[in-house]
Peer 1: 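Mind having a look at this structure? Questions to follow.
Note that this is a predicted model, so its numbers are computed, not measured. Reminder, nothing fancy here: chain letters follow the sequence lines and each chain counts from 1. Computed from heavy atoms alone, side chains included, the values below leave out hydrogens, waters and symmetry copies.
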There are 2 protein chains.
Amino acid sequence: MDGYNGKILRVDLSRGVISVDEPDETFYRRYIGGTGFIVYFLLREVAAGADPLGPENKLIFAAGPVTGVPVAGGGRNSVGAKSPLTNGYGEAEVGGYWGAELKHTGYDAIIIEGKSDNPVYLWIEDGKVEIKDARHLWSKTTAECQKLIQEELGDDLIRVAQIGVAGENQVRYACIVNDINHAAGRTGMGAVMGSKKLRAIAVRGHQGVALADAKAVNSLARWLRDDLKTSAAQWSANGTQTLVASANAGGRLPTRNFQQGVFEGADKISHEAYFKNILKGRGSCYACPIHCKPEVATGEPYNVDPLYGGPEYETLAALGSNCGIDNLEAIAKGNELCGAYGLDTITTGGCIAFAMECFERGILTDKDTDGLKLNFGNAEAMVQLVEMIARKEGIGKVLAEGVVQAASAFGKGAENFAIHVKGQGLPFHMPRHRPGLGVGYAVSPTGAEHEANFYDSPVVSDSFKALGILEPLPQQELSAAKIRMLVYGSLWPHLINCLLFCDFVPLSTDRKVDLIRGITGWHTTIWELMKVSERCITMARAFNIQAGKTKADDYLPRRCFTPIPAGPLEGVSIDEEEFKKAVETYYAMVGWDNNGVPTLAKLQELDIEWVAEV
Amino acid sequence: MDGYNGKILRVDLSRGVISVDEPDETFYRRYIGGTGFIVYFLLREVAAGADPLGPENKLIFAAGPVTGVPVAGGGRNSVGAKSPLTNGYGEAEVGGYWGAELKHTGYDAIIIEGKSDNPVYLWIEDGKVEIKDARHLWSKTTAECQKLIQEELGDDLIRVAQIGVAGENQVRYACIVNDINHAAGRTGMGAVMGSKKLRAIAVRGHQGVALADAKAVNSLARWLRDDLKTSAAQWSANGTQTLVASANAGGRLPTRNFQQGVFEGADKISHEAYFKNILKGRGSCYACPIHCKPEVATGEPYNVDPLYGGPEYETLAALGSNCGIDNLEAIAKGNELCGAYGLDTITTGGCIAFAMECFERGILTDKDTDGLKLNFGNAEAMVQLVEMIARKEGIGKVLAEGVVQAASAFGKGAENFAIHVKGQGLPFHMPRHRPGLGVGYAVSPTGAEHEANFYDSPVVSDSFKALGILEPLPQQELSAAKIRMLVYGSLWPHLINCLLFCDFVPLSTDRKVDLIRGITGWHTTIWELMKVSERCITMARAFNIQAGKTKADDYLPRRCFTPIPAGPLEGVSIDEEEFKKAVETYYAMVGWDNNGVPTLAKLQELDIEWVAEV
């Protein structure tokens with residue numbers, strides 16, 4: 001291999017034109033893939049005033065160097081666009097098989113431009129690309145759609161990334177689903193795809209990923225496969241489901257729209273109940289032996305289909321405790337419907353809980369809900385609301401716009417119960433006892449986001465020590481040292497989203513660097529890679545500034561500043577003044593001015609001075 | 001080994017009290033050794049108004065993790081104090097055998113405090129420490145002194161670090177010499193030692209350095225020893241002496257006080273003449289097979305003694321081209337005298353050249369010089385001036401204060417010909433065609449300093465690429481991208497001075513990290529290590545601010561802004577406005593405000609918030 005670079009596919013749906021970019025190796029090394037590619041192209045090509053649901057927005061699917069390499073963790077890709085939910089930088093990651101298959105077609109990324117007049121889907125087989133009619137796929141479930149595509153193209157091994165009815169209807173938190181049960185969930189990427197009338201992208205590739213040092217990569221992959229038997233045993237055995245019990249025991253399980261941290265029905269939705277009553281098996285992603293993805297089934301009344309996987313922790317909290325619901329089968333049904341219709345379970349659960357709190361407080365009445373009793377704990381109503389949101393029916397039509405627009409429509413102080421940052425609903429990790437996580441939510445470019453912010457563990461990991469974070473800090477502390485942890489710690493996950501690796505694959509920092517070296521042939525270091533991550537954070541910030549976001553958007557819902565009412569964390573909340581100061585400390589540490597605008601020197605240091613001109 | 005930390009010896013010469021600090025592992029990991037230790041203790045313990053030559057200054061000898069480990073490059077240590085030459089942060093590094101021997105006594109560093117009434121020397125044998133009378137050593141040459149100490153203590157293997165007559169007389173650029181021919185040359189550390197009436201520190205140790213992973217370190221050391229046969233062949237064969245010819249051919253050999261870049265007598269002082277006429281052999285440092293240190297001898301009239309080694313490139317330029325002198329034997333004599341009396345050859349040569357220019361311009365006359373004809377090219381006068389400076393005789397007394405004070409004493413515009421930054425003379429690498437190097441000189445905490453600033457090579461090395469500096473830039477460019485090179489590139493040498501490794505030992509970044517891991521047992525990364533270096537730069541800056549230095553001190557001599565008059569680089573100079581802007585860009589990139597003051601957030605990010613209080 002002469003150098004590490006490749007092909008990026010461009011599809012203009014307005015004009016039906018297909019083209020290919022071939023950026024040079026320097027571009028690849030500076031931006032790497034995934035997040036790096038997405039933020040680069042969005043910042044370069046999507047203008048300041050672009051309507052996220054207009055043809056001027058671009059939807060980008062991006063693989064990274066690890067995607068499609070036969071190594072555990074190699075099954076992931078990113079999807080990004082200007083977000084219709086936050087009106088700022090939008091991005092989500094997803095596992096499964098589709099990303100690897102895309103890479104095997106010979107493309108590293110797809111940039112979807114413009115908008116089709118009629119429903120279409122994209123068919124990519126190795127170098128060949130076709131825009132195909134999708135009118136017959138419109139309004140189908142995701143499982144039906146995938147089956148129809150595989151049948152009409154005559155190949156069961158075709159991988160399909162698609163929207164469902166929610167994306168067709170441009171629900172602002174519609175997701176993009178691939179392989180039926182893997183979702184690029186957050187920031188409403190499915191709505192963008194729907195706005196372009198692009199129902200699906202089907203891929204089939206026969207080209208292996210070129211490796212600069214195949215021997216090194218394969219040897220690392222083999223070592224990892226064996227190591228995972230012990231190092232990832234918890235994910236294989238438990239997945240994320242055990243978090244319900246531990247969060248509840250700790251008094252930090254988001255309950256009834258984040259009002260409480262203890263849910264009296266937690267046992268009924270815990271992993272014990274889950275494993276005993278609904279779990280049927282576990283699925284996986286490309287090249288991964290961990291098999292962490294649950295598959296569930298139920299009988300009457302919900303008849304949940306295992307095709308759609310099963311709820312992860314986030315969904316158990318989203319449609320369960322946070323809605324006051326302890327009916328595991330109903331939660332499984334809600335999860336299935338989110339998969340079938342292409343809805344982000346986190347934001348969907350947040351919207352339903354918001355509606356329930358408004359209903360209980362009298363802001364919404366039977367009249368607003370067409371008679372639906374939206375009390376916390378009403379499992380039937382939750383399932384029905386998922387349907388109504390996806391189809392934009394009744395109260396679902398308002399909720400489909402997200403909590404900010406819904407609160408504005410409801411009035412009567414409803415905005416006090418809208419639990420979001422930048423319009424995106426909070427994931428189900430309470431920030432009240434973890435103010436560092438709260439700052440992470442606040443400054444995250446995509447709004448409330450948890451993946452990048454788990455750095456304040458009471459134990460300092462080896463990989464954290466390797467960055468010079470030598471000592472743990474109390475979770476409730478919000479000091480400059482905590483913000484340092486946030487800054488250093490959050491660089492890793494952003495980097496993982498450039499490389500496109502999996503958080504659940506416990507590979508040491510050294511070995512990750514070795515993997516990237518083996519794939520790319522670059523003699524890179526963790527320093528260079530962390531700087532790629534800094535580059536991404538800074539560019540995403542620039543995108544949000546261009547989109548009109550200000551310091552005021554780096555905020556938390558008011559509820560975070562009020563005490564947890566009961567349980568082990570009774571009385572705990574974030575100090576608002578400390579929080580404000582911490583946000584400014586974060587700005588200063590990452591090289592932004594006091595208003596959160598990246599300094600010219602920081603852009604120059606990151607070798608992205610061009611951003612200043614954009 | 002439980003953790004990596006050790007002992008730091010404190011010797012209070014005023015009270016004759018000896019004590020030992022044992023900082024914890026976190027301290028060791030944050031500051032590592034060498035520069036890190038020195039800047040930490042100076043900042044903590046030397047007050048803002050301290051007189052560099054008063055008892056309130058502290059003189060610190062510091063080893064690093066590599067010092068004393070039997071690996072090529074393991075023979076170095078740092079010496080630091082508030083500098084009597086710059087009145088700011090002072091530090092110099094040195095090779096040889098003394099540092100390794102110190103480490104083998106069981107101490108990682110020595111902090112010398114206070115001031116003795118009578119000349120003393122320190123005798124450290126393993127854990128045992130004695131302050132001994134040195135009246136009989138006063139005024140001896142360094143070779144005589146070392147011999148006397150070894151004889152009186154009855155051990156030829158005792159290693160001695162000492163000052164000479166220049167240090168005794170507190171010449172502001174007196175150096176500290178160990179093993180007779182290795183000098184911690186810059187920033188006047190010998191004057192500080194002299195002010196404390198401490199003539200020497202004799203060490204003898206029998207304790208090996210504890211290694212966390214001896215097998216890994218030894219295997220790396222063996223690999224390196226073999227690899228150096230080819231990778232360091234240039235240093236073994238040529239040392240630094242070949243630089244005279246290449247610099248002259250390129251039009252960048254500092255000539256006649258930096259007035260010109262081409263020296264008509266360059267051939268006579270080139271490596272060819274040197275190797276043919278005066279070189280007798282090459283010495284080495286602890287554990288190093290490279291043997292880069294020249295040893296020279298001459299007959300009449302100079303009778304140069306090979307005991308004192310031989311001139312390196314810097315000295316060939318300092319006492320040669322920069323004084324317009326093409327008499328290699330005279331240069332060798334000047335070098336010998338600097339060794340015997342303990343003078344920094346770089347600053348000494350700069351002072352002599354300055355005096356010569358003043359003489360030629362009529363600022364100095366025969367009357368001022370006691371009849372000495374200080375014309376450029378007068379080899380005899382140069383040799384005599386070295387003597388007079390060391391002994392503070394005649395014009396030598398004024399020149400012993402450095403060019404800034406001498407220019408002030410001379411008046412008549414002499415300051416226009418004082419080639420220094422912060423009082424310290426420029427090393428012999430012209431900045432006029434290399435404005436990035438010029439900015440490096442300007443912002444260096446110790447004044448003009450070259451080791452940390454060779455980053456603007458026309459070829460980007462693998463280790464530079466590994467930091468994300470992917471493309472070379474023209475040497476004459478002074479862009480933000482060039483400053484980025486300076487910032488990233490200068491972190492390495494500062495780090496090397498914490499680890500105490502040798503610049504001439506070509507070990508890759510990975511292997512250096514592996515070496516530190518093997519020695520310390522820390523699972524560290526280049527990210528953490530670079531942050532240690534950032535910490536040092538920032539703390540040294542804080543020290544200088546406390547000492548009264550301002551942005552105005554980050555400047556270059558006026559000559560740098562005037563065109564080179566002839567030769568291949570005719571007409572080239574630094575654009576002053578671009579330079580000023582570049583200094584501010586540097587500040588911003590390293591997290592300092594527009595006045596060069598480190599921001600609170602940068603201190604917090606580096607986990608040295610305590611600096612804000614100092």
Peer 1: As an exercise: rank B:Met530, B:Arg484, B:Arg30, B:Lys465 by heavy-atom pairs under 4.5 Å with chain A and give me the winner.
Peer 2: B:Arg484
Peer 1: Of the backbone (N, CA, C, O) and the side chain (C-beta and beyond), which part of A:Tyr587 lies under 4.5 Å from a heavy atom of chain B, both, or neither?
Peer 2: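 It is neither, since no heavy atom gets under 4.5 Å.
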Peer 1: Determine, step by step, whether A:Phe41 and A:Asp21 satisfy the side chain to side chain contact (heavy atoms under 4.5 Å, CB included) criterion, reporting the C-alpha distance in whole Å, the side-chain angles of both residues, the deciding distance to 0.1 Å, and the verdict.
Peer 2: CA-CA 12 Å; A:Phe41 287 110; A:Asp21 289 8; 4.2 Å; yes
Peer 1: Mind running side chain to side chain contact (heavy atoms under 4.5 Å, CB included) on A:Val66 and A:Leu515 for me, showing each step along the way?
Peer 2: CA-CA 8 Å; A:Val66 186; A:Leu515 180 61; 4.2 Å; yes
Peer 1: For each of A:Gly591, A:Ala481, A:Ser508, A:Ala480, tally heavy-atom pairs with chain B at distances under 4.5 Å, and name the one with the top tally.
Peer 2: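 Greatest number of close heavy-atom pairs with chain B: A:Ala480.
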Peer 1: Which is it for B:Val583 and B:Tyr555 under the side chain to side chain contact (heavy atoms under 4.5 Å, CB included) test, yes or no, and what are the steps along the way?
Peer 2: CA-CA 9 Å; B:Val583 168; B:Tyr555 226 78; over 6 Å; no
Peer 1: Run B:Lys551 and B:Asp593 through salt bridge (charged side-chain N to carboxylate O under 4.0 Å, His left out) and show every step you take.
Peer 2: CA-CA 11 Å; B:Lys551 190 175 184 174; B:Asp593 71 15; over 6 Å; no
Peer 1: For the candidates A:Asp510, A:Thr509, A:Thr26, which exhibits the highest count of non-hydrogen atom pairs separated by less than 4.5 Å from chain B?
Peer 2: A:Asp510
Peer 1: Tabulate, in ascending numerical order, the residues of residues 595-607 of chain A having at least one heavy atom closer than 4.5 Å to a heavy atom of chain B, or enter 'none'.
Peer 2: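 Heavy-atom contacts from residues 595-607 of chain A to chain B are A:Ala601, A:Gln604, A:Glu605, A:Leu606, A:Asp607.
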Peer 1: What residue, out of A:Thr524, A:Leu470, A:Ile483, has the most heavy-atom pairs lying under 4.5 Å from chain B?
Peer 2: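 That would be A:Leu470.
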Peer 1: So which part of A:Glu584 gets closer than 4.5 Å to some heavy atom of chain B, the side chain, the backbone, both or neither?
Peer 2: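 Neither the backbone nor the side chain of A:Glu584 comes within 4.5 Å of chain B.
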Peer 1: What's the spacing between B:Leu500 CG and B:Phe37 CZ if we round to 0.5 Å?
Peer 2: 10.0 Å
Peer 1: May I ask you to name which of B:Val532, B:Ile469, B:Leu529, B:Ile526 has the most heavy-atom pairs under 4.5 Å with chain A?
Peer 2: B:Ile526
Peer 1: One thing to verify: whether A:Asp227 and A:Arg511 come together as a salt bridge, which I'm taking to mean a side-chain N less than 4.0 angstrom from a carboxylate O.
Peer 2: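 Salt bridge flag = no for A:Asp227 with A:Arg511.
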Peer 1: OG1 of B:Thr520 to CD1 of B:Ile32: how many Å apart, nearest 0.5 Å?
Peer 2: 8.0 Å
Peer 1: Output the option from B:Val513, B:Thr525, B:Asp462 having the highest count of non-hydrogen pairs under 4.5 Å with chain A.
Peer 2: B:Thr525
Peer 1: Using a 6.0 Å distance limit plus a 45 degree cone around the ring axis, check whether B:Lys531 lies over the aromatic ring of A:Trp527.
Peer 2: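 No, B:Lys531 does not lie over the aromatic ring of A:Trp527.
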Peer 1: What part of A:Leu467 gets closer than 4.5 Å to chain B, counting heavy atoms only: side chain, backbone, both or neither?
Peer 2: both
Peer 1: Going by atom types only, do B:Glu25 and B:Trp522 share a side-chain donor-acceptor pair under 3.5 Å?
Peer 2: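 Yes, a side-chain donor-acceptor pair sits under 3.5 Å.
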Peer 1: How about B:Asp554 and B:Tyr586: does a side-chain donor come under 3.5 Å of a side-chain acceptor?
Peer 2: no
